[in-house]
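To keep things clear, I will list the structure first and then write my remarks on it.
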Amino acid sequence: MSFTNGKGELAALFAACLWAIASVLYGIVGQRIGPLQLNLIKGIVAIAFLLLTIWLTGESLSISTPAPILLLCLSGVVGIGLGDTAFLAAINNLGARRVLLIGTLAPPITAIAANILLQERLNFNAWCGILLTIVGVAWVVTERVPNSEDSNSKSSIKGLIFALLAAITNAAGTVISRAAFASGNVTPLWAALLRLSAAELILVIGISLSYKRQISSHSHRPSWQIILTGCFAAFCGTYLGIWLQQTAIKLTAAGIASTIMQTSPLFVIPLAIVIGEKVSWRAIAGVIIAIVGIGILSSH
């Protein structure tokens, strides 16, 4: 298959960078707002920005069949509604670093599924790039950090199940989005809005059914600084991030887009340096390996 040279890969790289920034900010906001509520709120903020962008650009949803809309809604339910919830639950039970490591399973799952279901053929160089990128990310993520989350045997199995579910739903959401773009001329902007809207609907239903007490209970009210930080994180990671994600999925192979977007942990390293944290040579080596992999992918 032929794709737009370089643009999809660049969009995926920017999406990964923005998700890294947002993840650091969500770590701050998450201390005052519960994960499910935060997931819902960030989606609402992103939808507002997407609607404003569509209104300003005048971009219309012009498709002849309902198939792309249904596929994108399904992708949102699976990849954002179910996937993000599983990801948050996995972090609570297993720890962020191990969840990110298991998340590197998503790109090969995506590439294999797209190969089988969408006939997206990747050449040998592309597979080498995927492998190098995954190795680089895994090398960084698996580094043992002092005072980091310790293993808890009681919740390890539960966390592992949630982490695997997050990786699988991540891959499934990407492949379904790619199928939607193949079946109709939907723009990435509208694709992001449809996916988020479907995910938010599922989250509202799920929270109202299962977490009524959590919503009605009066916890500490977040400060304006926390609220503004959350809105900025939603702007970067959810609004721009998902828009760029859909652009990448439309313009390049699903496996390649998924691999590059999985590099967001690497962008946390320069953020850590800015904050003043020490960064090991192992982490730097992992970044270099992943960058080489991305370079091979971008020139496939």
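Just so it is clear, the structure is predicted and the values come from calculations on it, not from any experiment.
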Do the side chains of [X] and [Y] join up, straight or via other hydrophobic residues, at under 4.5 Å, putting them in one cluster?
X: L70; Y: L72; result: no
X: L61; Y: L74; result: no
X: I256; Y: L117; result: yes
X: L196; Y: V78; result: no
X: V204; Y: I44; result: yes

In short, salt bridge (Lys or Arg N to Asp or Glu O under 4.0 Å) pairs touching residues 65-91 with sequence neighbours left out are K42-D84

Quick check: closest heavy atoms across [X] and [Y], and the distance to 0.1 Å?
X: K250; Y: T187; value: NZ-CA, 4.1 Å
X: I112; Y: W127; value: CG1-CH2, 4.1 Å
X: A106; Y: A167; value: CB-O, 3.7 Å
X: P68; Y: S183; value: CG-OG, 3.7 Å
X: A192; Y: I242; value: CB-CG2, 3.7 Å
X: A22; Y: G237; value: CB-CA, 3.6 Å

Can you tell me how far apart [atom1] ([X]) and [atom2] ([Y]) are? Round to the nearest 0.5 Å.
X: F87; Y: N170; atom1: CZ; atom2: CG; answer: 9.5 Å
X: I176; Y: L118; atom1: CD1; atom2: CG; answer: 10.0 Å
X: K7; Y: T252; atom1: NZ; atom2: OG1; answer: 13.0 Å
X: L10; Y: T247; atom1: CG; atom2: OG1; answer: 10.5 Å
X: I21; Y: F267; atom1: CD1; atom2: CZ; answer: 9.0 Å
X: T263; Y: I134; atom1: OG1; atom2: CD1; answer: 11.5 Å

The residue among L201, I202, L82 that forms side-chain contact (heavy atoms from CB on, under 4.5 Å) with V77 is I202

4.5 Å side-chain heavy-atom contact, [X] and [Y]:
X: S177; Y: L71; answer: no
X: T85; Y: L203; answer: yes
X: I249; Y: M261; answer: yes
X: F232; Y: V45; answer: no
X: L193; Y: I47; answer: yes
X: T133; Y: Q262; answer: no

Is the side chain of [X] donor-acceptor paired with the backbone N or O of [Y] at a distance under 3.5 Å, no angle test?
X: W190; Y: E59; answer: yes
X: T229; Y: Q225; answer: yes
X: S75; Y: G173; answer: yes
X: R178; Y: A253; answer: no
X: T169; Y: L165; answer: yes

Quiz prompt | Residues L164, L105; criterion side chain to side chain contact (heavy atoms under 4.5 Å, CB included); working and verdict | solution = CA-CA 8 Å; L164 288 171; L105 293 173; 3.9 Å; yes

